[in-house]
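Note that ligands are numbered from 1 as they come in the structure, with each ligand's atoms numbered from 1 the same way. Values reported hereafter were calculated over all heavy atoms of this structure, with side chains retained and with hydrogens, waters and symmetry mates removed. Source: prediction; values computed, not measured.
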Amino acid sequence: MIAIINGPNLNLLGKRQPEIYGNTTFEDCLEALKMTFLELEIEYFQSNSEGEIIDHIHHLGYNSPECEGIVINPGAYAHYSYAIADAIASIQLPVVEVHISNIHARDEFRHKSVTAPTCKGVICGLGLKGYELAIRYLLG
Ligand code: CA2
């Protein structure tokens, strides 16, 4: 099983700001991922709350032996949540951070990710394709 975690406001994907984030909802993206990885169980969790995201990382890391890795888009929390960074660092599972937009081509405050150093790697700016590429990496 691979787990995908999306952070705040990513429930609005496909519904607002299509010029930055595209027209596809994450539900559509998830369906496409399940069609691409037919044999793979993909678990999806989205929350607008920092604590819920941390609790879910703990759940996957400590209570989900079937989980092989995590794809996380922390949303804006990437830029300042040391608590999410600590949660990722506390678990043994490989974690790949994904950003749909190119955070380095946007506002200065988006250029830094405090969660990225605790992840295996980061994919940004490749749109929703980034989630597929992250899963491919985690499957090895
Ligand atoms: O590019 C990304 O994936 C981001 O993680 C998205 C975050 C942003 O704060 C990060 O800097 C980069 C924001 C997600 C907001 O998503 C929306 C989607 C549609 C409409 C409104 C917001």
(message) Taking side chain to side chain contact (heavy atoms under 4.5 Å, CB included) as the criterion, tell me which of T25, N6, N48 meets it with N11.
(response) N48
Can you report which non-hydrogen protein atom sits closest to [atom], along with the distance?
atom: atom 2 (C) of ligand 1; result: I100 N, 3.3 Å
atom: atom 21 (C) of ligand 1; result: Q17 OE1, 3.3 Å
atom: atom 16 (O) of ligand 1; result: N9 O, 3.5 Å
atom: atom 4 (C) of ligand 1; result: H99 ND1, 3.6 Å
atom: atom 1 (O) of ligand 1; result: S101 OG, 2.5 Å
atom: atom 13 (C) of ligand 1; result: Y21 OH, 3.4 Å

(request) Please confirm whether the backbone N or O of A78 pairs with a side-chain atom of S81, one donor and one acceptor, at under 3.5 Å? (result) no
(message) When you compare the side chain of I54 with that of E50, does any pair of heavy atoms fall below 4.5 Å?
(response) yes
(request) May I ask you to check if ligand 1 and L12 share an N or O to N or O distance below 3.5 Å? (result) no
(request) Show your reasoning for whether ring-ring contact (aromatic ring centres under 6.0 Å, His included) applies to F26 and Y131. (result) CA-CA 10 Å; F26 202 79; Y131 291 88; 4.8 Å; yes
Side chains of [X] and [Y] only: does a donor on one sit below 3.5 Å from an acceptor on the other?
X: H79; Y: S113; answer: no
X: T36; Y: E132; answer: no
X: Y62; Y: S90; answer: yes
X: Q46; Y: H56; answer: no

Going by the order shown, which atoms of ligand 1 are within less than 4.0 Å of some heavy atom of [X]?
X: H79; value: 10 (C), 11 (O)
X: I103; value: 12 (C)
X: R16; value: 19 (C), 20 (C), 21 (C)
X: N73; value: 2 (C), 3 (O), 5 (O)

(message) If we only consider heavy atoms of A78, is any one of them less than 4.0 Å away from an atom in ligand 1?
(response) no
(message) Just verifying a value: how many Å separate E68 CD and E41 CD, rounded to the nearest 0.5 Å?
(response) 9.5 Å
(message) At under 4.0 Å between heavy atoms, is it the side chain or the backbone of R110 that contacts ligand 1, or both, or neither?
(response) side chain
